[in-house]
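What's counted below: heavy atoms across the whole structure, side chains too, no hydrogens, waters or symmetry copies. In listed order, ligands and their atoms are each counted from 1. The chain is numbered in sequence order, starting from 1.
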Amino acid sequence: ADRPKTVFAALREEIFSPTLSFLMEAHNGLSAKIVEEAGFRGIWASGLTNSASLGLRDSNEASWTQVLDVLEYMADATTLPILVDGDTGYGNFNNVRRLVRKLCERRIAGVCIEDKLFPKTNSFIGEAQPLADIEEFCGRIKAGKDSQTDDDFVLVARIEALISGRGMEEALRRAEAYHAAGADAVLIHSKKSTANEIFDFTERWANRSPVVIVPTMYYATSTDLFRQAGISTVIWANHLLRSSITAMRETAKQIFEDQSLREVEGRVASVRDIFAIVGNAELEAAERRYLPGK
Ligand code: SPV
Ligand code: MG
């Protein structure tokens, strides 16, 4: 009999399949459910939006175990595989080892670590952020891969060389080193408004390993061009948090001004909708089964 696919195998399939895959950002159990409801096949647990949803900056202000707690709610809330933004791995090789073991225990299907230093700063802040030494970062990758307790766990190595202004040769040198160290895929990041440097990279990298991208800044580039470039996976990195900020602001402003709910009722999700999303129907069925007199 076919055994159900694990979340680890599901993420590995998204990353290694020849068709373009999409991971949608989520930052808690509810947003994870909404990603699944929309039809996506995988989730990006963003560091930026997870931090922001806690009211914190994307600077490792939340501890890694606080992030892990959020991830546990997300994994419980969805059947989809989750690729977590593991920032720099929260330290050196030893921190990465413990992180990967704990992610595997909680059925988090993969981690992305970036070649910077702890505490990290968001890639879109400032210029020329310091990068990790290549050999030291390769140690983090090897340690992570050696620590996974499921064979299908995915480790993505994120290259910040283009963002930090080190150029294409440095980006390719790092991609090669991270691939050789055992990374399953590389994430090439860019903060340009066009995807030219991404396509230069993919052409020269020639799919020696799958390539993951985050087109937050080059959002106007057609998805068909990503497909043609042979990219494995696109991450829509922060758009559920951003849309919720817009919606929450509008609602808060309206209720504040009106001192009444009349205008907003009908424009916001109903209370019944909340019950449906979190699965109250299942609880009612369980009560009929387990609670006397129901
Ligand atoms: C995140 O979503 O936290 C990311 C992507 O790491 S970025 O904000 O583009 O660095
Ligand atoms: Mg991040």
Side-chain angles (χ1 to χ4, degrees), residues 21-28 31-32 35 40 42-64 66-68 70-71 74 82-91 95-96 99 103 108 110-132 137 140 144 154-166 171 174 178 183 185-195 197-198 201 211-221 226 231-245:
S21 297
F22 302 97
L23 299 179
M24 182 75 215
E25 172 263 328
H27 48 275
N28 55 24
S31 53
V35 171
F40 284 99
I43 292 174
W44 169 247
S46 156
L48 171 67
T49 69
N50 192 354
S51 306
S53 71
L54 298 171
L56 299 176
R57 292 162 286 213
D58 189 11
S59 306
N60 294 124
E61 291 182 334
S63 73
W64 76 274
Q66 289 173 324
V67 173
L68 196 62
V70 174
L71 294 173
M74 291 171 66
I82 298 171
L83 175 65
V84 58
D85 177 358
D87 293 339
T88 59
Y90 310 105
N95 303 90
V96 175
L99 172 67
L103 293 177
I108 308 301
V111 69
C112 176
I113 56 171
E114 62 198 55
D115 55 0
K116 296 199 312 208
L117 306 173
F118 181 92
K120 60 78 55 81
T121 303
N122 186 270
S123 297
F124 302 139
I125 294 173
E127 301 296 329
Q129 289 188 24
L131 297 187
F137 191 70
R140 282 186 241 171
V154 169
L155 188 147
V156 179
R158 165 165 158 182
I159 301 158
E160 290 282 309
L162 299 180
I163 294 221
S164 69
R166 306 281 203 94
R174 284 173 178 265
Y178 303 163
V186 294
L187 188 161
I188 184 69
H189 206 7
S190 168
K191 61 176 180 180
K192 296 259 161 68
S193 61
T194 71
E197 66 182 8
I198 293 292
F201 178 90
V211 174
V212 180
I213 61 166
V214 184
T216 301
M217 291 300 168
Y218 47 99
Y219 59 84
T221 305
F226 300 147
I231 284 162
S232 154
T233 302
V234 174
I235 293 174
W236 312 122
N238 46 46
H239 301 78
L240 292 196
L241 184 82
R242 286 166 61 188
S243 59
S244 70
I245 290 172

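Taking each heavy atom of D85 and G47 in turn, the nearest pair found is OD2-N, 2.9 Å.
Going from atom CD of E25 over to atom CH2 of W44 covers 10.5 Å, rounded to the nearest 0.5 Å. Note that CE of M24 and OG of S31 are 9.0 Å apart. Values are rounded to the nearest 0.5 Å.
Considering backbone and side-chain atoms alike, H189 places an N or O below 3.5 Å from some N or O of ligand 1. When only interatomic distances are considered, the shortest N/O to N/O separation between F124 and ligand 1 does not fall below 3.5 Å. Looking at N122 next to ligand 1, an N or O pair under 3.5 Å apart turns up. In terms of N/O distances under 3.5 Å, ligand 1 is approached by G47.
Only the side chain of D85 comes within contact range of ligand 1, with a heavy atom under 4.0 Å; no backbone atom does. Contact annotation: for K191 versus ligand 1, there are no heavy atoms closer than 4.0 Å.
Side-chain contact annotation: E160 with S123, donor-acceptor N/O pair under 3.5 Å present. At a cut-off of 3.5 Å, with distance as the only test, no side-chain donor of R242 or T216 sits close to an acceptor on the other residue. Side-chain N/O atoms of Q129 and T121 include no donor and acceptor closer than 3.5 Å.
Taking the six-membered ring for Trp, H189 and F201 have ring centres at least 6.0 Å apart.
Numbered from 1 in the order shown, with element, the atoms of ligand 1 that lie under 4.0 Å from a heavy atom of A237 read 2 (O). Each of the following atoms of ligand 1 lies closer than 4.0 Å to a heavy atom of S123: 10 (O).
The main-chain N or O of G89 is never found under 3.5 Å from a side-chain atom of D87 such that the two would form a donor-acceptor pair.
Protein heavy atom nearest atom 2 (O) of ligand 1, with residue, atom name and distance: S46 OG, 2.7 Å.
If you look at D85 and ask which of its N, O or S atoms sits nearest the Mg ion (ligand 2), the answer is OD2.
Within the 4.0 Å heavy-atom cutoff, R158 counts among the residues contacting ligand 1.
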